[in-house]
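What follows is a set of notes on a single structure, which appears directly below.
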Amino acid sequence: MTALSFTLTSYPQKQLAGAIRITGAGRLHSGAQFRGQSMTISQLPIWQQLQSQAEAMKGRSLRDLFTGDPGRAAHFSLELPEFLLDFSKNLLDRDVFVNLLRLAEDGELPRWRDDFFAGQPINATEGRPVLHPALRGALPRDVEFNDQSVMAAVECELGRLKKLVVLLHNGDLTGYSGKRITDVVNLGVGGSHLGPQMAIEALRAHRKGDVAVHFVSNVDGAQLTDVLVGLDAESTLFIVSSKTFTTSETMTNARSALRWLEQASGLEAAELLKQQFVAVTASPERAQAFGVAPERVFRFWDWVGGRFSLWSAIGLPIAIACGFENFRALLDGAASMDRHFREAELERNAPVIMALLSTWYCTFMGYPAQAILPYEQALHMLPAYLQQADMESNGKSTTRAGAEVDYATGPLIWGQTGINGQHAFYQYLHQSPEIVPADFIGSVAPGHDLQGHHEILLANMLAQSQALMNGVSAEEVGRELAAKGLGEAEIKRLTPFKVHRGGKPSNTILLKELSPRSLGALVALYEHKIFVQGVILQIFSFDQWGVELGKGLAAGLEPKLVQGDLAAEDASTAQLIEYYRRVTAGAATPAEMPEAMTADAAQAM
């Protein structure tokens, strides 16, 4: 068994009435045995029924589904405080929807949901609970580890974050020369970067403006160089965000940032680390060993997955850029979605509905990809953020019981802002034989004061989802071309190229406005959708062993770029390393030796 050990001695030992107490070691949830299941989900009768329905649905049109059900739009939509979810443009009828709900019940979703919010170690391969809802105060009851309150720990850390943010905005946080801090550079990758940067971009209308926040995620030194070019070392603060504080890319960037400060100031590294570095980590002892002052080390915990961590101290850049009150509103919006997910019946539960639709398409209908299409420039980073959140969670091929799956699991997530996408890849969405379910995301209220822009934007979003649904038939194309005066032969020639078969499904999420609260609700919606889909598919959504494999291999190959025996490497990797060594050593490559090549060719002849 894997021990669950959380040292929270620096936090108040607050105990709430009715708190769930978990002490000692957490039992490893071992898949089917944990749930008392004797068969995989794909062996259940409801699975077989859905497979048959999927084959039948492939022959039906969305137009016909709307014609046959006058109440379809109202029935397949859900209005929540922050947005309207319209899922009526999907390839399913009421019978399919009922069976998808039965699949969720047979997969014991309500029980897994209860365990999730109760702090049970549902991240079984690592023996950890998954408690990012605790970061926004959304647990129904407090969870205590070894008699210490998780909620108290979270609130204590939020209080520390607020103090730093207030100091920054009041001009009381200074660099080595006494200048106030005006720029903050976040050094982090993956969840330590995508979530905070996505949120800051999304909340651009709510930025404070007095402290600029920059991000460096890539170990390619070009990114750090570009960011530092315009900054003043005397007024720049660095946030090193790493769960383990050993992430190679992040720590390399941190050391380079420190050297930049040393060269600019002439001061010792120890002094600069205490003055102009902040750490956010689940390994505070490593941050302090690196040299960051203890009062500048902000903590999150092993029970927070990196891709779900923007609600924690990892969100410090959000609080700096947008103000702590807006960061709190972001947390509150997510908490409202947590409550909806926890309390709503499955058939009126937005995350459950979206997960069922994704499972329907990816696993049953055979559509492996999903497009995220925000019609809101501020959400331009949302597709990349959701790509990590979803694909790192559900890109798995092993069931909870340790067996290889015999069905497709999570979808390939991709996309970009809608208007740009229309002029890039929408041709593929409309007329390719492939079907890519899409999520259209927009808002009623614009985030600017320019007249006429927002109406054009929203009209395009509505038109694209309508066009994907209905398409254009040969008859409609013929009438359109005839109205333009074309002859019968020309109409016959052009019609095949202008037909859109339609039947391309989509959801539309229409926010009332893009605000901190609605953004929190939107992100939490997708977080819970990911969890639900993993539960139904009987996979563990909260580990990422595929990512860990690549990290380990990279650590072994890095020294071999300079020297070392390559006999154990595959032929391709060895060849690439040898080429790297030859070029960096300044030796000529075959392409640079035309005379030698000619001589070799002559000798061969």
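- R136 forms a cation-pi arrangement with W311, by the criterion of a distance under 6.0 Å to the ring centre and an angle within 45° of the ring axis.
- Side-chain atoms of T398 and F540, non-hydrogen and from C-beta on, never get closer than 4.5 Å to each other.
- Defined by atom type and a distance below 3.5 Å, a donor-acceptor pair is present between the side-chain atoms of E126 and N123.
- For the 3.5 Å distance criterion, the side chains of D64 and S61 qualify, holding a donor opposite an acceptor.
- In this structure the side chain of F83 never reaches within 4.5 angstrom of the side chain of L78, judged on heavy atoms.
- Between F308 and F542, the ring centre distance stays below 6.0 Å.
- A distance-only check finds no donor-acceptor pair linking the side chain of E249 to the backbone of V219 [under 3.5 Å].
- Taking 4.5 Å as the limit, every side-chain heavy atom of K498 sits out of range of all side-chain heavy atoms of V472.
- S518 approaches E513 most closely through the heavy-atom pair OG-O, 2.7 Å.
- Sorted by first and then second residue, the pairs that involve residues 305-326 and meet salt bridge (charged side-chain N to carboxylate O under 4.0 Å, His left out), not counting sequence neighbours, are K208-E325, R307-E392.
- Note that the CD atom of Q533 and the CH2 atom of W360 stand 14.0 Å from one another [nearest 0.5 Å].
- Between the side chain of S465 and the backbone N or O of L462, at least one donor-acceptor pair lies under 3.5 Å.
- Interatomic distance, I536 CD1 to L100 CG, rounded to the nearest 0.5 Å: 8.0 Å.
- Residues forming a side chain to side chain contact (heavy atoms under 4.5 Å, CB included) with M469 (at least two apart in sequence, or on another chain): L62, F66, K89.
- Looking at every heavy atom in both residues, F87 comes nearest to S77 through CE2-N, 3.5 Å.
- With a 6.0 Å radius and a threshold of 12 heavy atoms from other residues, nucleotides or ligands, Q451 has its CD atom at or below the threshold.
- Under 3.5 Å, the side chains of T399 and Q538 contain no donor-acceptor pair of N or O atoms.
- With 3.5 Å as the limit, one finds no donor-acceptor pair spanning the side chains of T409 and N394.
- Of all the heavy atoms in A202 and L514, the pair that sits closest is O-CD2, 3.4 Å.
- For the side chain to side chain donor-acceptor pair (under 3.5 Å) test, residues two or more places apart in sequence or in another chain that qualify with Q431 are Q427.
- Every side chain to side chain contact (heavy atoms under 4.5 Å, CB included) that L101 has, sequence neighbours left out, goes to F97, L346, E347, L356.
- Here the shortest heavy-atom pairing between I318 and A199 reads CD1-CB, 3.6 Å.
- Within 6.0 Å of atom CD in E455, more than 12 heavy atoms from other residues, nucleotides or ligands are found, so the atom counts as buried in its surroundings.
- D543 contributes no side-chain N or O that, together with a main-chain N or O of W545, makes up a donor-acceptor pair within less than 3.5 Å.
- Between F425 and W414, the distance separating the two ring centers is shorter than 6.0 angstrom.
- By the 6.0 Å contact criterion, CD on E548 is enclosed, its count of non-hydrogen atoms from other residues, nucleotides or ligands being greater than 12.
- The shortest side-chain heavy-atom distance between N349 and R113 falls under the 4.5 Å cut-off.
- Separation of atoms CG (L187) and OG1 (T247) is listed at 11.5 Å; rounding is to 0.5 Å.
- Proximity of a side-chain donor or acceptor of R72 to a complementary backbone N or O of S88 within less than 3.5 Å is detected.
- Side chain of K504 to main chain of G471: no donor-acceptor pair is present (N/O by atom type, distance under 3.5 Å, no hydrogens or angles).
- Side chain of N186 to main chain of S192: a donor-acceptor pair is present (N/O by atom type, distance under 3.5 Å, no hydrogens or angles).
- In this structure, the side chains of V532 and K529 stay at 4.5 Å or more apart for every pair of heavy atoms.
- S312 and S309 are not linked by any side-chain donor-acceptor pair at a separation below 3.5 angstrom, with hydrogens and angles left out of the test.
- By the 4.5 Å heavy-atom criterion applied to side chains, T363 and L537 are counted as neighbours.
- R60 meets the side chain to side chain contact (heavy atoms under 4.5 Å, CB included) test with M57, L65, D93; sequence neighbours excluded.
- No donor-acceptor pair under 3.5 Å is formed between the side chain of S358 and the backbone N or O of A355.
- Neither side chain, D86 nor N507, offers a donor N or O lying under 3.5 Å from an acceptor on the other.
- In this structure, NZ on K58 lies 9.0 Å from CD1 on I435, to the nearest 0.5 angstrom.
- Under a 3.5 Å cut-off, the side chain of K512 and the backbone N or O of P81 do form a donor-acceptor pair.
- Counting heavy atoms from C-beta on, the side chains of R94 and F76 come closer than 4.5 Å.
- With sequence neighbours left out, Q49 forms a side chain to side chain contact (heavy atoms under 4.5 Å, CB included) with I46, N99.
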Show me, pair by pair, the donor-acceptor contacts under 3.5 angstrom made by side chains of residues 326-337, not counting sequence neighbours?
residue: N326; atom: ND2; partner: C322; partner atom: O; Å: 2.7
residue: R328; atom: NH2; partner: E155; partner atom: OE1; Å: 2.7
residue: S336; atom: OG; partner: G333; partner atom: O; Å: 2.6

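- Considering only heavy atoms from C-beta on, I41 comes within 4.5 Å of Y407 through its side chain.
- Atoms OG and CD, from S506 and Q464 in turn, are 10.5 Å apart once rounded to the nearest 0.5 Å.
- The salt bridge (charged side-chain N to carboxylate O under 4.0 Å, His left out) analysis of residues 514-523, with sequence neighbours excluded, yields the pairs E82-R517.
- F364 meets the ring pair (Phe, Tyr, Trp, His ring centres under 6.0 Å) test with W47; sequence neighbours excluded.
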List the atom pairs, with distances to 0.1 Å, where a side-chain N or O of residues 368-384 and a protein N or O form a donor-acceptor pair under 3.5 Å, not counting sequence neighbours.
residue: Q370; atom: NE2; partner: D439; partner atom: OD1; Å: 3.4
residue: Q370; atom: NE2; partner: D439; partner atom: OD2; Å: 3.0
residue: Y375; atom: OH; partner: Q422; partner atom: OE1; Å: 2.7
residue: Y375; atom: OH; partner: Y426; partner atom: OH; Å: 3.0
residue: E376; atom: OE1; partner: S443; partner atom: OG; Å: 2.6
residue: H380; atom: NE2; partner: E201; partner atom: OE1; Å: 3.0

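- Taking CG from N218 and NE2 from H193, the interatomic distance works out to 9.5 Å, rounded to the nearest 0.5 Å.
- Side-chain atoms of H430 do not come within 3.5 Å of backbone N or O of G502 as any donor-acceptor pair.
- D338 and H528 share a side-chain donor-acceptor pair at under 3.5 Å.
- In this structure, H448 contributes its side chain and L450 its backbone to a donor-acceptor pair below 3.5 Å.
- Of the N and O atoms on the side chains of S393 and S541, not one donor lies less than 3.5 Å from an acceptor on the other residue.
- Taking every heavy atom of both residues into account, L85 and A350 meet most closely at CD2-CB, 4.1 Å.
- R348 meets the side chain to side chain donor-acceptor pair (under 3.5 Å) test with no other residue; sequence neighbours excluded.
- With sequence neighbours excluded, the residues satisfying side chain to side chain donor-acceptor pair (under 3.5 Å) with T244 are T246.
- The closest side-chain donor-acceptor pair between S473 and E476 falls under 3.5 angstrom.
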